[in-house]
Amino acid sequence: MDLRQGIGLRKLGRTVDEFQQDLLSNLYFRRGTTVESASMRDAYETLSLTVRDHLAERRARTAAAHYASNPRWVYYLSAEYLLGAQLEQNLLYSGTGEIAAQAVKSFGLTLEEIEELDVEPGLGNGGLGRLAACLVDAMATRDIPAVGYGIRYDFGIFKQSLAAGGQAEGPDDWAFQGNPWEFPAPDDRQTVGFYGHTEPVPGSSTRKVWVPGEIVLGEPSHMLVPGYGTDTVNIVRLWRARGSEASFDLSRFSAGQYAEAVQEAVRAENISKVLYPDDSTELGRELRLKQQYFLVSCSLRDIIRRFRLRNEGWDDFPEKTVIQLNDTHPTIAIPELMRLLVDEYELDWDRAWSITRRTFAYTCHTLLPEALETWPVHVFERLLPRHLEIIYLINMLFLREVEERFPGDVARVSRMSIIGEHPERRVRMANLAVVGTEAVNGVAELHSKLLRETVLNDFADLWPAKFQNVTNGISPRRFVKLANPRLSDLITEGLGDDGWLMDLERLAELGSLAGDASFLERWRAIKRANKVDLAVGDPDSLTDVMIKRFHEYKRQQLKLLHIITLYHRIRANPGGDWVPRTVLFAGKAAPAYHAAKNIIRLINAVGATIAADPIVSPYLKVVFAENYNVSLAERIVPAADLSEQISLAGKEASGTGNMKLALNGALTIGTLDGANIEIRARVGEENFFLFGLDAFQAAELQIAGYRPWEHYERDPELREALDAINAGLFGGVGHDVADSLLGRDEYLTLADYRAYVDCQDEVERAWRDQDRWTRMSVMNTANSGFFSADRTVADYAARIWRVAPVPVAKDH
Ligand code: F58
C-alpha cells in the first residue's frame with residue numbers, strides 16, 4: 001500500500017447513496033450529533049466537511065507529487081486575501097455539486113439554504129486582496145506548486161450599514177461559529193520577536209545578536225485552494241498570534257488581578273485581531289508594522305522549513321524559492337531573510353545579499369504618492385532594531401552603487417535612498433522593495449509605464465530590465481460560472497463545451513454568434529433574468545453600476561453630478577422620452593476617510609429626493625447596496641448593463657471590477673486609466689464608451705494650474721447641479737462635497753464633467769437600439785478572455801517566477 005499516493009484511502013462517495021452515507025458518518029463522528037437533533041448549522045458544517053474531504057484527498061496527492069519532484073515553489077506573501085464564500089466554489093471544483101444537491105434533498109434540505117450559512121472570510125480591503133485570491137486560484141488551476149501566506153484576522157473588513165443615510169461600521173467576527181474550511185496546524189507554530197536590543201558578535205563586523213523584548217507565537221491554519229479542471233490543491237496558510245504559556249501570569253491571577261494576569265497574552269493576540277480598514281492611505285500605526293513583521297517572520301521560517309525538507313545548504317534556495325511580495329506590506333521579508341542568513345545561519349553578507357535579491361519579486365499596486373508606505377525611523381528602531389541596522393547597511397551599499405553610476409548627482413541619491421529625511425526620517429518601503437528584489441511589476445500596461453516614468457523612474461534608469469508589466473486578471477470560475485450560471489450555460493452551449501472555463505480566450509468564438517438574432521434574444525433574456533434576481537429596480541431599465549471602494553480618485557462624485565443633471569433634465573421636461581435608469585452604488589469608505597463618507601451620504605440623500613419625486617422617480621432610481629463584498633459582487637455583476645470605470649486617468653493602477661463586468665457583458669463607460677485601456681483595445685472602441693482627459697492631459701492641467709470654478713461658470717448644467725446641492729435640495733446634505741469640488745477638486749471632476757455627461761447621452765442612444773446594445777454586450781464578453789487570472793499567472797510564471805507546472809496524478 002503506497003500511502004503517499006493516497007492509495008489505500010477509503011473511497012469517498014461518488015454516488016448519491018455514498019455521498020449520503022458520508023454525510024451521515026460526518027454528522028455522527030465529526031460533528032458529534034444525530035439526524036434528529038441536527039440544526040441548520042450542523043447541516044452546513046457536515047456538508048462542508050464532506051465536500052472538504054474530496055479536496056483533502058486531492059491535497060494528499062498534490063503534496064505527494066510536489067514532494068517527489070522537489071520543484072521550484074512560488075510563495076505568495078500578502079497581508080490580505082478576499083477568498084469569497086467557499087461552499088459553492090468547492091462543490092464546483094470537487095465535482096460534487098450534483099450528488100450533494102440530491103443527497104441533501106433526501107434530508108429535506110436544499111443547497112441554497114445551506115449555502116446561506118457560508119460566511120465569506122473578509123480578510124482584505126479591496127482589489128489587492130481579491131487579486132491575491134484570484135491568483136492563488138489560478139496557480140492551482142495551472143498546477144503551479146504554490147503556498148499563499150497571510151494573516152488570520154479575528155475580525156475582517158468591517159460590516160457596513162447605512163444609518164441616517166451615512167456609513168456606519170460594525171465588527172466582522174467572521175469565524176464566530178467556527179470555520180469548517182480551515183485546518184489548524186499548531187505543530188507548525190513559530191516564535192516571533194519584537195523590540196529589545198542588539199549586541200555585537202566578537203570578531204564579526206556584520207553579524208549581530210538580536211535580543212527581543214517581546215515574544216509572540218504564530219499559529220498557522222490553512223485553507224485548501226483547489227484548481228479547476230485539475231487535481232492540484234494548494235493551500236493558503238494564515239497565521240494567528242498567540243501569547244506563549246509564559247505570558248499568562250498565574251501569580252497575578254491568584255492574587256485576583258485577573259486583567260493584569262492576561263494582559264501580555266492579550267497584547268500578543270491583538271496582532272492578528274483586526275484587519276486595518278484602509279484603502280490607499282496609510283495610518284502608520286505601530287500595530288500595523290507589527291502585523292507585517294509577524295506575517296513575514298512566521299512565513300519565512302515556514303518557507304525555510306519546507307525548503308529543508310528536500311534540500312541542503314543555501315545555494316539552491318533561490319533556485320527552489322520565489323517569494324512574491326504583494327505590495328510593500330510584506331517587504332520587511334527582505335531584511336528579515338538577511339537577518340536569518342547572516343545572524344542565525346552565519347552566511348557572509350555578500351552571499352546572503354545575493355541569495356536574498358534573487359529570491360524576491362515585488363508587485364506594486366498604486367501610483368498615489370500618499371499610498372506608498374513609509375515608516376518613521378523611530379518606530380522601526382523601537383520595534384525592529386536589528387532590521388533597521390540591516391536596512392542601513394543595505395542602503396549604504398546600494399547608495400554607493402548609485403554614486404558610482406551617477407557621480408555627483410546628489411539629488412538622485414537622496415531620492416533613491418531607502419531612508420527619507422524630510423520632514424522626518426522615514427523608511428521608504430517601496431525603495432527597499434525595489435532594491436531587494438529581482439523583478440518589479442505594475443498591474444496594467446499604463447500603470448507599469450507610469451511607474452517606470454514617474455514614481456520609480458530613478459530605479460528604472462539604474463535597472464531597466466528589472467521592471468515589468470503583468471496585467472491583472474480574475475477567476476472566470478467564480479465570476480462567470482458561479483456568479484452567472486445562466487450566461488455560463490449559454491456560452492457552453494454556444495461553444496459546444498465548457499473548455500472556456502480553463503481557456504478563456506476561447507470566448508472569442510462567441511463573436512460569430514453576435515449576428516444570430518435568436519442568440520441575441522437569449523443573451524438579452526439572461527441579462528433581464530439576472531436583474532429580476534437582483535431585484536433593485538425595474539429589470540427593463542438601464543442598470544448602471546458603480547461598485548468599488550469609495551475614494552475621491554475613483555470619482556463616485558462625478559457619477560453623482562451626472563445623476564443630479566438627469567434629475568434636472570427630467571424635471572424640466574416631464575413628458576420627455578427618457579431612458580429609465582437604475583443606478584446602483586456599492587462600496588465601503590475607510591472609516592476615517594471623511595470626504596469619501598460625505599459622498600456616500602450625498603448619494604443616499606439624492607436617492608431619497610429622487611424616490612420622493614413623482615416626476616423623476618418613474619425614470620430614475622438610485623440605490624446604495626450596503627456592505628459590498630465578494631458575495632454581493634457575485635450578485636450585482638451578472639445584472640449590470642453599464643460599468644462605471646471613471647477614475648481620473650493615471651490614478652487607478654488597474655481595476656479588476658472593470659474586467660468582471662465586461663466579461664459578464666456590461667458595457668464600460670470609462671477613462672483611459674488602468675486596465676480600461678486594455679479592455680477597450682480588446683473589446684473594440686466601438687463597444688466602449690470613452691470620455692475624459694488622459695493621464696498626460698490630466699498631469700499637464702494640474703501643472704498649468706487648474707481652476708474648477710471656471711467649469712462651474714461656463715457650464716449651466718454643472719452650475720445647476722452644484723447650486724442644487726448648495727441650496728439644500730437634497731436634505732441639506734452635501735455642502736462639504738460641493739465645497740471640495742469648487743475649491744481644490746484634486747481629481748479634476750469638474751474638468752471631466754461635460755465629457756462624461758455627453759458620453760452618457762451616447763450611452764442612452766446606444767441603449768435605445770436594443771439589438772445594437774446586445775451585440776456590443778456579446779462582443780465585450782467575447783473579447784475579454786485575456787482578463788483571466790490564468791493568463792496573469794502564466795505571465796508571472798514565464799517572466800518572473802520561471803516555474804513549471806507539476807501535474808498531479810489522477811486518483812485510481
Ligand atoms: C488596488 N489596490 C488598486 N490596495 O487600487 C487597483 O487598481 C488594482 O486593480 C488592485 O489593487 C489589484 O492590483 C488596493 O486594493 C489596497 O487595498 C491597500 C490595502 C492596504 C492599505 C493600502 C491600500
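Every number for a ligand or one of its atoms is a count from 1 in the order of the listing.
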- Item | Lys588 side chain to Asn627 side chain, donor-acceptor N/O pair below 3.5 angstrom | yes

- Query: For residues Glu169 and Gln167, is any side-chain donor paired with an opposing acceptor at under 3.5 Å?
  - Reply: yes

Going by heavy atoms, is [X] under 4.0 Å from ligand 1?
X: Val443; result: yes
X: His447; result: no
X: Lys548; result: no

- Query: Taking the six-membered ring for Trp, are Tyr553 and His551 parallel (under 30°), tilted (30 to 60°) or perpendicular (over 60°)?
  - Reply: tilted

Using distance alone, determine whether [X] and ligand 1 share an N or O pair under 3.5 Å.
X: Gly655; answer: yes
X: His365; answer: yes
X: His329; answer: no
X: Asn125; answer: no

- Item | cation_pi(Lys290, Phe194) dist<6.0 Å, angle<=45 | yes

- Item | Mode of His551 contact toward ligand 1 - side chain, backbone, both, neither (heavy atoms, under 4.0 Å) | neither

- Just heavy atoms, cut-off under 4.0 Å: does Arg549 contact ligand 1 by side chain, backbone, both, or neither? neither

- Task: Would you mind finding which of Thr471, Asn472, Thr363 brings a heavy atom closest to atom 12 (C) of ligand 1?
- Result: Asn472

- Message: Which residues pass the side chain to side chain contact (heavy atoms under 4.5 Å, CB included) test with Glu336, not counting sequence neighbours?
- Response: Tyr293, Val296, Ser297, Leu300, Arg339, Leu340, His387

Numbered atoms and elements of ligand 1 in range of [X], under 4.0 angstrom, heavy atoms:
X: Ala653; result: 7 (O)
X: Glu652; result: 3 (C), 5 (O), 6 (C), 7 (O)
X: Tyr553; result: 5 (O)

- Query: Is there a donor-acceptor contact under 3.5 Å from the side chain of Asn234 to the main chain of Pro226?
  - Reply: no

- Task: Kindly say whether Leu690 contributes a backbone atom to a donor-acceptor pair with the side chain of Arg680 at under 3.5 angstrom?
- Result: no

- Message: Among Asp745, Asp673, Asp752, exactly one meets salt bridge (Lys or Arg N to Asp or Glu O under 4.0 Å) together with Arg555. Which residue is that?
- Response: Asp752

- Got a sec, which residues hit salt bridge (charged side-chain N to carboxylate O under 4.0 Å, His left out) with Arg428, two or more places apart in sequence or on another chain? none

